[in-house]
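Everything on this sheet refers to the single structure shown next.
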Amino acid sequence: MNESKLILVLGDQLSLNQPALKQAEPGRDIIVLAEVAEEATYVRHNRHKIALLFAAMRHFRVELETLGYDVYYTAIDQGVASLEEAVRKVLVQTAATEVVVCEPGEYRLVHQMRSAWSSSLGVPVTVLEDDRFLASHDDFELWARGKKQLRMEFFYRKMRERYQLLMDDGQPAGGKWNYDADNRSGWRNQREIPARPDVPVDDITSAVIAEVNQRFPNNPGDLSQFRLAVTRSEAERQFDWFVTYALADFGTYQDALVEESPWVFHGLISMYINCGLLDPLAVCQRVEIAWREGDCSLSAAEGFIRQVLGWREYIRGIYWLLMPEYKTRNTLSATRPLPDFFWDANTDMRCLSRAIEQSLDHGYAHHIQRLMVIGNFALLAGLDVMEVCDWYLGVYVDAYEWVELPNTLGMALYGDNAVIASKPYAASGKYIQKQGNHCQQCRYKPSKTTGPDACPYNSLYWRFIDRHLDNFGSNPRMGLIAANWRKRDPEERAVIVQWADKMIEEWA
Ligand code: FAD
Ligand code: DLZ
């Protein structure tokens, strides 16, 4: 007998080729999409993120119905508390005898589904591995097995070979695996940054925007500036635009900090790949073609592919390999509360204020802003690891725990016992000055370490080194800095540390 299945599709699983939907048969199975309070409120999500997912889910419903599927859609105004409740309600109304779902991207949900749903719903619940990623859990576990250090670079090389991306006759194209050294240029207004194309807002999306504004009045996000694609075809158009107009400069200015543009030459695609509107392998292949056709340099193509094929898959691998214990780590015992300016961008540190402001308003900051401006500040000031992680998880449109947590706790905060980063991504104001033009607009001077006009990153940096000498003294990559600090006059050191302490107290 052909019994009906209930296929639950989560807000970040909006791809026809995801494993649960691949099993669905129009006319027989029932598809459930549900906007629910629990998912919308478990952190203080940016309104852009909620609007993106609700609008994309509503458009996906239309697409599925056009393909002949029977879709049960719960909108947020129906007041359903959780995904489980949404599924229960549909089970009661239909003849479905089992639930099938693609594995969620967060441990909390996978755990609930695997441990409790079947008995509480009274039907079998199958959670299928999400095969839209390019390395399965087994692949990553096998790669990691027996290794003392899990460095991204070696994982990335394996992935290049496996997917034959940028490979020529078994060798990396151009003879080198990694062109990172060409991807670090600072910003001195070298280029005109092209304006991003508009995204049309249709009636479905307009209604979502109005509803999100009304229901989430205290969440960050200025939806008058909503400019996100909410369908696959529009996300593809945005990606095409990137390949045509920005990719050529992506590599060179990947690490640039730019006063005039939040986006610089970045892809702005993580939010689409992560919710299923773009396919990670397809974007890498498209970028390789652009290089082979002479539309961008090898360093631009390699820089991009390294992020998607390398970093994205590696970060996910680490998450599933080490959860749930990973989330309890706090190597540097960082426990200070987040300063209020994380919620209003009201700080005189120009780079930090700009990065936080655009994160709150648009739900977007590029990698170096996340890592070396906001993350670096949180690391140096010793901000509470879980508070910082929750901030990142809420604020960014592309944030789900599988990708946010290792990037924040591991890469930015050096909180995971050096699994991801072999040394802390700690830097003084000089790095920020080198990478861009914020300092020109800032009242603080990156050349000064103490005093009212000194860049706070400087004294914070030395205080951080001072506090963690025992942790880093023996790290070969930090040893020289630590030794230089030790050599400095003790009185001078004390003045710097006290100055940093004073600022930190003022932010509390
Ligand atoms: P581009 O600069 O154009 O890069 C292309 C693509 O590479 C991205 O779209 C993304 O899919 C992938 N990528 C690049 N770096 C990473 C990385 N470290 N991890 C995973 N994918 C990567 N990315 C998220 O998708 N969600 C997050 O919640 C998230 N949180 C982060 C938190 C911190 C503290 C840091 C340092 C990084 C975080 N990142 C996160 C990674 C990265 O910053 C974003 O993927 C990137 O800024 C997204 O913008 P883009 O699409 O313009 O990326
Ligand atoms: C982030 C999010 C939000 C805000 N709302 C919903 C929702 O109402 N319904 C849904 O299915 N998914 C939502 N999501 C995405 C989920 O939180 C996400 O699927 C899990 O965190 C697993 O990655």
Side-chain angles (χ1 to χ4, degrees), residues 8-14 32-43 45-47 49-54 56-57 74-76 80 82-83 86 101-110 130 152 183 212 216 219 239 242 246-247 250-251 254-255 262-276 278 280 283-284 287 303-316 318 363-376 378-379 388-389 391-413 420-421 425:
L8 172 65
V9 175
L10 273 57
D12 54 351
Q13 299 179 343
L14 308 179
V32 173
L33 283 146
E35 300 168 11
V36 297
E38 189 171 85
E39 295 311 305
T41 57
Y42 72 93
V43 280
H45 296 290
N46 197 302
R47 282 185 251 180
K49 181 177 175 187
I50 306 176
L52 166 69
L53 292 191
F54 287 5
M57 286 166 75
T74 305
I76 192 73
V80 172
S82 65
L83 291 167
V101 60
C102 166
E103 182 180 79
E106 302 195 346
Y107 181 87
R108 72 185 164 88
L109 268 180
V110 178
D130 191 345
M152 195 289 293
N183 296 158
V212 171
F216 302 94
N219 291 38
F239 178 62
F242 163 73
L247 173 63
F250 167 82
Q254 208 175 327
D255 288 2
W263 341 109
V264 200
F265 299 102
H266 287 272
L268 266 72
I269 53 164
S270 49
M271 61 296 257
Y272 308 134
I273 309 186
N274 294 354
C275 75
L278 288 179
V283 298
C284 291
V287 163
F304 179 88
I305 288 171
R306 184 175 356 110
Q307 308 309 321
V308 179
L309 180 72
W311 277 110
R312 184 171 185 274
E313 295 291 331
Y314 165 83
I315 286 287
R316 176 182 185 254
I318 295 289
Y364 179 84
H366 65 71
H367 188 68
I368 291 302
Q369 291 177 303
R370 295 189 206 197
L371 183 63
M372 300 308 295
V373 179
I374 306 173
N376 183 24
L379 170 76
V388 177
C389 288
W391 186 86
Y392 275 88
L393 187 58
V395 154
Y396 292 108
V397 287
D398 54 16
Y400 306 92
E401 198 179 78
W402 67 265
V403 56
E404 173 277 322
L405 189 72
N407 269 305
T408 311
L409 185 147
M411 192 186 305
L413 302 180
I420 290 185
Y425 283 95

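Remember, it's 1-based here, ligands and their atoms both numbered in the order they're listed. Numbers here simply count residues along the sequence, with the first being 1.
- Among protein heavy atoms, atom 42 (C) of ligand 1 sits closest to His367 ND1, 3.4 Å.
- No N or O atom of Pro104 sits closer than 3.5 Å to an N or O atom of ligand 2.
- When heavy-atom distances to ligand 1 are checked against a 4.0 Å cut-off, Ala399 comes that close through both its backbone and its side chain.
- Between Leu83 and ligand 2, no pair of N/O atoms sits closer than 3.5 Å.
- Of the protein's non-hydrogen atoms, Asn407 OD1, 2.9 Å is the one closest to atom 18 (N) of ligand 1.
- Considering backbone and side-chain atoms together, Tyr400 places no N or O closer than 3.5 Å to any N or O of ligand 2.
- The shortest N or O to N or O distance between Gly11 and ligand 2 is below 3.5 Å.
- Residue contact check: Val308 has heavy atoms under 4.0 Å from atoms 6 (C), 7 (O) of ligand 1.
- Ligand 1 is approached by Phe250 to a heavy-atom distance shorter than 4.0 Å.
- Protein heavy atom in closest approach to atom 14 (C) of ligand 1: Gln307 CB, 3.3 Å.
- Closest to atom 45 (O) of ligand 1 by heavy atom, among Ser270, Ala378, Cys389, Ala246, is Ser270.
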Would you be so kind as to tabulate the donor-acceptor pairs closer than 3.5 Å made by side chains of residues 266-273, with sequence neighbours excluded?
unit_1, atom_1, unit_2, atom_2, d
His266, NE2, Gln254, O, 3.3
Ser270, OG, Asp398, OD2, 2.7
Tyr272, OH, Ala229, N, 2.8

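- Under the 4.0 angstrom criterion for non-hydrogen atoms, Trp402 is not in contact with ligand 2.
- The shortest N or O to N or O distance between His45 and ligand 2 is not below 3.5 Å.
- Closest to atom 3 (O) of ligand 1 among all protein heavy atoms lies Gly267 N, 2.6 Å.
- Only the backbone of His366 comes within 4.0 Å of ligand 1, judged by heavy-atom distances.
- From the protein, the heavy atom lying nearest to atom 25 (O) of ligand 1 is Asn274 ND2, 2.8 Å.
- Of the listed residues (Arg312, Met411, His266), the one carrying the non-hydrogen atom nearest atom 11 (O) of ligand 1 is Arg312.
- Contact annotation: Tyr396 has no heavy atom less than 4.0 Å from any atom of ligand 1.
- Annotation: atom 16 (C) of ligand 1 to nearest protein heavy atom, Trp311 CB, 3.9 Å.
- In Trp263, neither the side chain nor the backbone holds a heavy atom less than 4.0 Å from any atom of ligand 1.
- For Tyr314, the closest heavy-atom approach to ligand 1 does not fall below 4.0 Å.
- The shortest separation from a heavy atom of Glu38 to ligand 2 is not under 4.0 Å, leaving the residue out of contact.
- Looking only at heavy atoms of the protein, atom 29 (C) of ligand 1 is closest to Arg370 NH1, 3.3 Å.
- Contact annotation: for Ile315 versus ligand 1, heavy atoms closer than 4.0 Å belong to the side chain alone.
- Considering backbone and side-chain atoms together, Arg108 places an N or O closer than 3.5 Å to an N or O of ligand 2.
- In terms of N/O distances under 3.5 Å, ligand 2 is not approached by Phe54.
- At a heavy-atom cutoff of 4.0 Å, ligand 1 is contacted by the side chain of Tyr392 but not by its backbone.
- Contact analysis puts Ala365 in contact with ligand 1, with a non-hydrogen atom separation below 4.0 angstrom.
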